[in-house]
Amino acid sequence: MRDAVERAWTRSIAEGALPGLADDVARPAVEVERPADPAHGDFATNLAMKLARPYRMAPLAIATQLSGQLAREATEARPATPIATVEVAPPGFLNIRLADASLEAAVTGILADPAGWGRVAPMGSRSVNVEFVSANPTGPLHIGNARGAFVGDLLCRVLEAGGQRVTREYYFNDSGGQIRNLGASVAALRRGDPLPEDGYKGDYVADLVAALPDDLWESASARGADTDGIVGHWAAGRVREGIERSLAELGVRFDVWTSEARLHDEGWVERAVQRLRDHGYVYEQDGAIWFRSTDFGDDKDRVIYRSNGEPTYFAADIGYVTEKFSRGFDDLIYIWGADHHGTVARVRNAAEAMGYDRNAVRMLLYSWVRFVRDGQEVSMSKRAGEFITLDELLAEVGVDAARWFFASRGATSAIDFDIELAKKQSNENPVYYVQYAHARIASIMRKAAESGLTPASGVDGALTGAPEAALARAVARFPEVVEDAVAAEETQGITAYATDLATTFHGFYRDARVVDAADPDRSAVRLALASATRVTLANALRLLGISAPESM
RNA sequence: CCGCCCGUAGCUCAGUGGAUCAGAGCGACUGACUUCGGAUCAGUAGGUCGGGGGUUCGAAUCCCUCCGGGCGGGCCA
């Protein structure tokens with residue numbers, strides 16, 4: 001629909017009915033919205049009012065011209081001409097109404113190709129790397145990691161819906177100081193010594209000790225051996241396997257796991273720094289090696305190698321950028337907690353300094369979840385062993401409810417997560433409302449089959465009743481919802497739409513008897529419509545990674 | 001002190017490059033079919049969109065300022 005309005009506008013300009021825009025005027029975006037009031041039609045656009053100022057024309061005059069152009073386009077003999085009427089409404093709105101035939105065609109199309117319903121035209125077939133979660137393997141994932149996992153996976157799904165090729169990547173450090181620290185904690189418990197002052201105190205440390213193989217412990221504790229390093233490396237590997245299992249429970253699978261140590265071992269960091277040096281963005285001061293980040297607007301330069309020769313975390317980031325691009329990705333997306341926003345600029349700056357397009361390196365920051373219980377903030381600390389694990393959360397609220405919870409909220413909205421409230425609300429989660437509608441339709445289909453009724457293969461010319469038309473309109477809206485979600489890289493619109501469609505269906509169910517042996521023809525049409533609704537709900541849920549049950 | 005994010009109904013949150021945006025769910029209250037799934041449906045109450053100022057024909061939305069909350073400003077990760 002947006003395209004149709006856009007076409008009418010450009011054609012009007014081409015035919016001289018409307019002036020072109022001056023070069024120095026920003027071209028207004030064509031906005032098409034769904035009016036809340038059905039009296040305003042199926043679509044409405046305020047384009048004429050937006051053009052009033054640059055054109056120095058009355059909005060109504062522009063609207064009249066656009067309206068005529070739109071109507072002419074609709075009557076041209078093209079197979080898919082969905083517009084029935086176009087009205088001009090003061091102060092300059094265009095209210096567009098769809099032809100029933102277009103709704104019927106949409107429904108018939110769903111029945112013919114259920115899997116393809118809601119698939120949008122690719123908005124660019126780029127190869128995208130999405131890195132998320134990336135928690136270091138010093139302990140199990142806790143509920144603080146949940147948001148990043150869901151936000152990242154949902155973004156990937158939306159990108160895939162838009163035709164992009166997505167690689168899900170997890171980055172971790174299995175050789176740093178915190179890993180040694182974990183190793184030290186495990187080793188201490190194994191010896192029967194007290195935990196180090198800043199050691200890890202969670203119950204899972206004891207589990208690690210119990211699982212520590214004897215032969216590994218013998219070689220690790222031998223004279224002169226790097227006990228903490230060896231034990232830590234082993235523990236990190238084991239913890240990482242647990243993390244992978246937890247993520248699989250969430251329905252999140254990663255394509256690539258990258259270790260920070262590997263980036264150093266394979267020389268990625270060194271080569272990246274050399275590249276910066278070649279471009280003249282590296283200098284030495286106070287014994288440390290610096291990146292001239294200020295050349296790109298940063299407020300200070302950043303250390304790459306400390307004066308003791310050790311690389312910083314930032315050094316690995318730089319190497320990682322080149323390593324990722326070397327694999328042929330067009331875009332790199334990082335899903336980070338908002339507490340990382342300070343590092344956004346320097347990484348993008350370094351990418352630009354190395355000759356990459358800084359716009360190809362994007363960071364999506366999600367707000368941190370604040371955990372409270374009875375109004376008191378609960379701290380999440382792996383080291384102190386005070387945390388609720390992701391596995392425990394899932395056992396309480398369920399994967400579908402948790403997914404819906406995050407899919408229906410913007411990534412940047414701050415969330416107070418009350419643990420007791422979450423358990424309580426999991427039973428009232430709207431996801432069940434949507435799933436119920438799906439299961440109800442499945443049940444209706446079973447019932448119909450028992451009565452010897454089958455859905456019609458098409459509904460052309462048959463959507464005459466008000467309940468039918470209302471449901472068909474709701475169903476037909478789905479592709480645009482997906483399009484908007486893809487364009488905005490957000491999923492809230494999909495959850496809102498699915499809820500709305502479920503509501504519309506329940507109303508239809510109330511007003512229209514679907515299974516009626518006395519009227520098989522009408523039943524066939526209504527079954528077809530119900531079937532199309534079921535497909536739409538299932539596809540919407542699938543896009544979010546949520547199950548669509550046949551019964552509940 | 002500086003920078004970024006946030007403040008919308010009792011609660012949890014949508015809407016945020018203007019108009020046809022004051023919304024949803026939950027909670028509260030009043031009702032509904034002896035037939036297709038009541039995890040449903042119909043309805044009621046509830047908000048000066050944190051406060052103030054500005055731009056505009058029009059601001060929850062853009063600008064300024066104040067208040068409140070979160071997070072950053074390491075040769076930490």
Side-chain angles (χ1 to χ4, degrees), chain A residues 26 28-29 31 33-41 43-46 49-50 52-53 59 89-93 95 136 138 173 176-178 260 285-290 299-300 302-316 337-345 365-370 405 408-418 421-422 424-425 427-437 439-448 450-451 453 490 492-493 495-496 499-500 502-503 505-507 509-517 523 526-527 530 551-552:
Chain A
E31 282 176 52
E33 65 171 11
R34 290 275 181 171
D37 184 350
H40 296 129
F43 295 92
T45 179
N46 59 0
M49 283 178 289
K50 289 191 146 193
R53 200 184 305 268
F93 287 102
N95 292 331
N136 278 341
T138 53
N173 181 355
Q178 291 311 319
E260 180 182 340
Q285 185 181 312
D286 303 333
I289 308 293
W290 298 71
D299 52 7
K300 58 182 69 170
R302 306 291 171 175
V303 171
I304 302 171
Y305 287 105
R306 299 171 204 154
S307 48
N308 66 4
E310 289 287 312
T312 61
Y313 195 81
F314 174 55
D339 53 339
H340 281 68
H341 80 251
T343 66
V344 169
L365 302 179
Y366 61 89
S367 292
W368 208 243
V369 182
R370 202 166 151 269
F405 183 85
S408 57
R409 289 157 169 73
T412 57
S413 69
I415 292 182
D416 271 3
F417 195 101
D418 187 310
L421 199 62
K424 182 168 153 286
Q425 284 191 338
N427 298 321
E428 297 146 4
N429 194 303
V431 72
Y432 298 122
Y433 179 80
V434 174
Q435 289 182 321
Y436 178 77
R440 196 180 211 185
I441 297 172
S443 168
I444 290 170
M445 292 302 162
R446 289 191 292 270
K447 196 90 179 178
E450 287 169 17
S451 310
L453 296 168
E490 299 264 18
Q492 303 97 288
T495 55
T499 305
D500 185 64
T503 298
F505 177 76
H506 287 309
Y509 175 85
R510 180 195 66 229
D511 296 333
R513 170 127 203 129
V514 179
V515 178
D516 184 1
S523 282
R526 289 178 174 174
L527 282 168
S551 63
M552 295 173 69

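Letters A, B, ... mirror the listed sequences (proteins, then strands); counts begin at 1. As the structure is a computational prediction, the values presented were derived from the model and not from experiment.
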Measuring from the side chain of [X] (C-beta onward, heavy atoms only), which nucleotide among [options] has the closest atom?
| X | options | result |
| --- | --- | --- |
| A/R510 | B/C36, B/G27, B/C41 | B/C41 |
| A/R409 | B/C13, B/C36, B/C75 | B/C13 |
| A/H341 | B/G37, B/U20, B/C71 | B/C71 |
| A/S307 | B/A19, B/C75, B/C36 | B/C75 |
| A/D339 | B/A39, B/C71, B/C75 | B/C71 |
| A/H506 | B/A19, B/C41, B/C71 | B/C41 |
| A/V515 | B/A77, B/C75, B/C36 | B/C36 |
| A/Y436 | B/C75, B/G37, B/U20 | B/G37 |
| A/E428 | B/C75, B/A77, B/C26 | B/C26 |
| A/Y313 | B/G25, B/A77, B/C71 | B/A77 |

Roughly how many Å apart are [M] and [N], using the [atom1] atom of each and rounding to a whole number?
| N | M | atom1 | value |
| --- | --- | --- | --- |
| B/G51 | B/G7 | P | 13 Å |
| B/C49 | B/G23 | C1' | 11 Å |
| B/C62 | B/G15 | P | 13 Å |
| B/A28 | B/A45 | C1' | 8 Å |
| B/C26 | B/C41 | P | 9 Å |
| B/A60 | B/G43 | C1' | 28 Å |
| B/U8 | B/G70 | P | 15 Å |
| B/U30 | B/U34 | C1' | 23 Å |

- Item | Inter-residue atom distance A/L453.CG - A/M445.CE, 0.5 Å rounding |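 A/L453 atom CG to A/M445 atom CE measures 11.0 Å (nearest 0.5 Å).
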- Mind checking the CG-CD spacing from A/N173 to A/Q178? Nearest 0.5 Å is all I need.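 Going from CG on A/N173 over to CD on A/Q178, the span is 9.5 Å.
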Would you check if [X] and [Y] make a side-chain contact, meaning some heavy-atom pair closer than 4.5 Å?
| X | Y | value |
| --- | --- | --- |
| A/F93 | A/N46 | yes |
| A/T503 | A/Y433 | yes |
| A/Y313 | A/T343 | no |
| A/T412 | A/L365 | no |

Is the phosphate of [N] approached by [X] (side-chain N or O, under 4.0 Å from OP1 or OP2)?
| X | N | value |
| --- | --- | --- |
| A/K300 | B/G74 | yes |
| A/Y509 | B/U35 | no |
| A/R306 | B/C76 | yes |
| A/Q492 | B/C13 | no |

- Stems in RNA chain B: runs of 3 or more consecutive Watson-Crick or G-U pairs, distances under 3.5 Å?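 Expected stems, ordered by start: B:1-7 with B:67-73, B:10-13 with B:23-26, B:28-32 with B:40-44, B:50-54 with B:62-66.
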Under 4.0 Å, heavy atoms only, any strand: does [X] hit a base, just the sugar-phosphate, or nothing?
| X | result |
| --- | --- |
| A/T412 | sugar-phosphate |
| A/D516 | nothing |
| A/A44 | nothing |
| A/T495 | nothing |
| A/N429 | nothing |
| A/G337 | nothing |
| A/A315 | nothing |
| A/A439 | base |

- Cation-aromatic face contact A/R440/A/F505, 6.0 Å, 45 degrees: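 Because its charged atom misses either the 6.0 Å distance or the 45° angle limit, A/R440 does not stack over A/F505.
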Using atom types as modelled and distance alone, determine if a side-chain donor or acceptor of [X] lies under 3.5 Å from a backbone N or O of [Y].
| X | Y | value |
| --- | --- | --- |
| A/S523 | A/V514 | yes |
| A/N308 | A/E310 | yes |
| A/N136 | A/T138 | no |

- Item | Rounded distance (Å) that lies between atom C1' of B/G70 and atom NE2 of A/H340 |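 It works out to 16 Å between those atoms.
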- Message: Looking at A/N46 and B/U20, is any side-chain donor or acceptor paired with a base atom of the opposite kind under 3.5 Å?
- Response: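 No such pair is found, so the answer is no.
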